[in-house]
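Read through the structure below, which is laid out as structure tokens, and then see the notes.
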Number of protein chains: 2
Amino acid sequence: MLKDFLEFINTNQLCKTTDKVLVAASGGKDSMALLNLFVEGQFNISVAHYNFGLRGLASDEDENFVKEFSEKNRIAFYTTKSDTKKIAKEWGVSTQMAARQLRYTWFNELIVSEDFDWLATAHNLDDKIETLYLNLTKGTGPKGLKSIPLKKDKIIRPLMFAEVSEILSYLAAKNISWREDLSNQTVDYQRNKIRHQVIPTLKEINPGLANTAQVNFSRINDLNAIFDEKLERFKQSIDFGEIIKIPFLEWQSTPGFTLMIEEFLKPFGFNYQEVIDLLNATISGKIINSNTHEIVKGRNDWFLKKKWEYTEETNFHFKEPGLYEIGTQSIVLKVTTDFPSIMDIRKSEHAFFDFDAIKWPLTLRNWKHGDRFQPFGMKGKKMVSDFLIDSKIDSPQKNI
Amino acid sequence: MLKDFLEFINTNQLCKTTDKVLVAASGGKDSMALLNLFVEGQFNISVAHYNFGLRGLASDEDENFVKEFSEKNRIAFYTTKSDTKKIAKEWGVSTQMAARQLRYTWFNELIVSEDFDWLATAHNLDDKIETLYLNLTKGTGPKGLKSIPLKKDKIIRPLMFAEVSEILSYLAAKNISWREDLSNQTVDYQRNKIRHQVIPTLKEINPGLANTAQVNFSRINDLNAIFDEKLERFKQSIDFGEIIKIPFLEWQSTPGFTLMIEEFLKPFGFNYQEVIDLLNATISGKIINSNTHEIVKGRNDWFLKKKWEYTEETNFHFKEPGLYEIGTQSIVLKVTTDFPSIMDIRKSEHAFFDFDAIKWPLTLRNWKHGDRFQPFGMKGKKMVSDFLIDSKIDSPQKNI
């Protein structure tokens with residue numbers, strides 16, 4: 001197993017033994033196997049365990065279990081705890097969604113503050129196969145066919161080559177114990193249907209399903225790479241001005257154009273059917289709208305622009321902390337008692353405000369000339385317009 | 001339903017109402033729906049029914065049923081009958097495989113002799129979805145992700161937009177009867193597992209699975225189109241001499257190269273693992289073999305050549321009529337009492353011999369200088385070498 005593990009990391013260039021790797025560990029079989037493989041391979045790892053407090057005492061026992069393994073193997077151990085159910089209720093989202101959001105927000109904070117090279121998660125090959133079938137069932141594009149990516153931004157998944165059965169054999173051979181995560185078995189209704197009803201039937205047809213799937217995934221990755229290469233060429237032909245000009249006539253008869261334009265327009269809030277309607281529209285001047293953008297179909301080009309205007313109606317009001325979806329963006333409002341680290345403050349996707357200085361509801365609106373704010377560590381106030389110039393924000397982005 | 005049918009044919013440019021279309025009809029629900037839609041749409045169709053004689057009297061009743069529908073609607077009706085079980089035994093293949101081979105051989109004969117533009121088969125959307133899951137389970141490349149193609153060579157599948165449930169509603173609404181094909185329900189073990197166990201579970205997760213699948217397939221088609229476009233560019237860079245020279249160094253770092261070289265080498269009998277081994281080989285001069293070809297890995301190029309030599313050992317002996325696999329080629333030897341049509345004789349993939357003039361076992365070998373044969377309708381003999389020159393067969397192909 002160790003040999004396969006090291007070879008898998010090497011072949012896919014996931015990380016080096018000298019890299020600083022943060023390992024997300026729940027204490028379940030996958031993460032304990034991943035931890036032990038990293039220990040055996042003498043990698044430079046630290047452990048992060050999020051205690052969601054969802055199962056009372058059992059949750060604290062999980063935390064202690066991972067902590068003890070870390071201490072025994074002299075690995076730095078990080079932990080944090082939330083009342084996840086309460087937060088989910090406050091945010092008005094499912095416990096699962098809140099847990100996911102909390103988890104990745106905390107991991108990101110650790111990566112930045114402790115300067116980790118990678119975050120390693122313990123997803124296995126069975127997870128990846130299940131996710132493919134889930135994605136296909138619910139509708140998918142090229143990325144979804146790839147299923148769970150092996151490497152994405154700072155996240156690596158070095159256990160993705162292994163089946164659950166191999167992981168269990170490895171743990172038994174090495175005499176490593178783990179904690180059964182009972183919530184796994186009940187929470188995800190759809191995944192459990194795939195896991196317990198669909199996959200076993202497929203394995204009756206092909207007992208070597210896992211190996212077959214690995215070859216399928218390799219081919220799908222190649223298809224994706226070729227697609228990305230062409231999508232990139234397409235994007236380079238687009239004029240990104242205040243109004244984005246898409247050279248439709250030039251590209252419409254190129255193989256795979258529907259998929260390319262769909263992928264390009266997805267971040268602007270357009271879906272497959274809207275793209276098809278626009279492609280089929282014979283009238284020049286046809287307009288389609290997403291929540292945030294509109295496209296005008298010209299004779300040779302498509303013109304894409306933001307709909308957001310400086311009117312009172314398009315303002316967005318936050319009544320309380322929570323997770324909000326605005327157009328295609330998510331915004332999390334969270335109250336924290338910890339003083340933010342300088343690394344956190346510098347990250348452009350975070351903004352910190354003094355709780356005592358704000359009034360509910362908070363309003364999100366475009367900036368107006370004359371708007372000012374008091375930056376962290378500064379005595380006086382600063383013009384928003386100057387801040388945007390200093391930050392070198394491009395003109396079209398200024399209003400987003 | 002008729003509106004959807006006509007729109008589907010139009011959008012996908014399957015055929016025109018004036019085209020001569022041969023419709024393959026078993027008498028089952030799919031083919032009866034397809035026939036009636038073609039009749040309603042006033043297309044120029046003929047019907048072909050193959051009587052496999054697998055279910056005794058019931059098979060003849062199927063034939064009569066389709067014949068009566070055709071007569072009532074004044075459609076030309078073609079039929080033929082085989083003792084399929086006996087032929088399968090003679091050929092040493094499964095009944096299913098023999099039936100498939102017989103069916104498509106006969107259809108091809110009809111297309112050529114009666115000059116049809118298209119052969120239409122009644123595959124539906126459920127068939128297509130099942131085939132995708134079957135392909136994924138058994139291992140698949142880009143083509144397999146496309147599942148059953150809508151149009152391939154002369155075959156079109158105009159019913160592929162419709163679910164079984166829609167087809168049944170249509171038949172009920174139009175008061176069209178059909179014959180239950182009992183063999184369908186038992187023969188295909190793997191497909192039945194997918195149909196009766198996997199798909200129903202997936203529909204619990206997503207009741208709109210069929211619509212979702214159509215969007216998935218549209219995206220997969222686009223991925224395939226982009227792949228084919230790049231594969232074509234790759235092929236154009238290859239030097240097709242007696243030894244095929246593949247410019248490996250030039251292409252190896254291009255996105256998706258593994259899949260491209262795999263697809264290119266598949267017809268030469270190489271599989272995925274052999275391609276991976278060759279890609280990973282660090283030694284220049286490494287050689288891999290398929291049954292028919294070998295590849296030598298040079299520093300900049302790969303050299304691909306035929307292994308077949310003029311030795312006695314590589315000759316192939318046929319003891320009796322049947323279906324034979326030689327390398328990547330299939331050869332069917334079939335005894336026929338019908339005199340072949342001139343169209344059949346002209347097709348380069350068919351060869352007809354006088355049964356009384358041949359001796360078993362037949363030997364397949366490369367031609368030697370001095371070989372002669374007596375062509376159809378000619379009194380004297382002709383040199384094989386002259387025949388090859390007349391036929392403008394390329395030098396590398398001469399020995400295949």
Side-chain angles (χ1 to χ4, degrees), chain A residues 11 129 132-142 144-145 189-194 196-206 208-209 211-216 218-232 254-263 271-273 276 280, chain B residues 11 129 132-142 144-145 189-194 196-206 208-209 211-216 218-232 254-263 271-273 276 280:
Chain A
T11 309
I129 296 171
L132 169 65
Y133 285 97
L134 259 183
N135 289 350
L136 269 176
T137 305
K138 296 159 86 174
T140 185
L145 290 174
Y189 161 85
Q190 294 181 335
R191 182 173 297 272
N192 282 335
K193 281 209 168 291
I194 301 279
H196 299 301
Q197 293 175 46
V198 172
I199 304 284
T201 307
L202 302 179
K203 283 190 174 167
E204 287 171 24
I205 296 172
N206 177 10
L209 185 71
N211 289 329
T212 300
Q214 272 182 312
V215 177
N216 289 344
S218 156
R219 293 178 181 136
I220 288 170
N221 280 346
D222 272 7
L223 275 182
N224 261 281
I226 294 171
F227 175 65
D228 288 343
E229 183 191 32
K230 187 159 179 183
L231 186 62
E232 197 45 49
T254 193
F257 181 65
T258 306
L259 185 60
M260 296 203 304
I261 189 79
E262 183 197 359
E263 287 287 319
N271 65 27
Y272 178 79
Q273 194 50 54
I276 295 293
N280 290 341
Chain B
T11 309
I129 296 172
L132 169 65
Y133 284 99
L134 260 182
N135 289 349
L136 269 175
T137 304
K138 296 159 86 176
T140 186
L145 290 175
Y189 161 84
Q190 294 181 335
R191 183 173 296 274
N192 281 335
K193 281 210 169 291
I194 301 279
H196 298 302
Q197 293 176 46
V198 172
I199 304 283
T201 308
L202 302 179
K203 284 191 175 168
E204 287 170 24
I205 295 173
N206 177 11
L209 185 71
N211 288 330
T212 300
Q214 273 183 312
V215 177
N216 289 344
S218 156
R219 293 180 181 134
I220 288 169
N221 280 347
D222 272 7
L223 275 182
N224 261 280
I226 294 172
F227 174 66
D228 288 342
E229 183 191 31
K230 188 160 178 182
L231 185 62
E232 198 43 51
T254 193
F257 181 66
T258 306
L259 185 61
M260 296 202 305
I261 189 78
E262 183 197 0
E263 287 287 319
N271 65 27
Y272 177 80
Q273 193 52 53
I276 296 293
N280 289 341

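Only a predicted model underlies this, so the values are computations on that prediction, with no experimental measurement involved. Residue numbering restarts at 1 for every chain, and letters A, B, ... go by the order of the sequence lines.
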Under a 4.5 Å cut-off applied to non-hydrogen side-chain atoms, are [X] and [Y] in contact?
| X | Y | value |
| --- | --- | --- |
| A:N280 | B:T11 | no |
| A:T212 | B:T137 | no |
| B:I226 | A:M260 | yes |
| A:I205 | B:I194 | yes |
| B:L223 | A:I220 | no |
| B:F227 | A:F227 | no |

Practice item. Tell me, for B:E262 versus chain A, whether the close heavy atoms (under 4.5 Å) come from the side chain, the backbone, both or neither. Key: side chain
**Study point:** B:L132 portion near chain A, given a 4.5 angstrom heavy-atom threshold
**Key:** side chain
Exercise for review: Heavy-atom pairs under 4.5 Å with chain B are the metric here; pick the option from A:L134, A:L136, A:N206 that has the most.
Suggested key: A:L136
**Study point:** Contact winner vs chain B - A:I129, A:L209, A:D228, A:V215, heavy-atom pairs under 4.5 Å
**Key:** A:V215
**Study point:** Heavy-atom pairs under 4.5 Å with chain A, option from B:N211, B:D222, B:I276, B:V198 with the top count
**Key:** B:D222
Looking at every heavy atom in both [X] and [Y], which two are closest together, and how far apart are they?
| X | Y | value |
| --- | --- | --- |
| B:P255 | A:A225 | CB-O, 3.6 Å |
| A:E229 | B:T254 | OE2-OG1, 3.8 Å |
| A:Y272 | B:R219 | CB-NH2, 3.7 Å |

Check your understanding: If you round to the nearest 0.5 Å, how far is CG of B:L202 from CD of A:Q197?
Key -> 10.0 Å
Point to revise | Segment of A:K193 engaging chain B (4.5 angstrom heavy-atom cut-off) | key: both
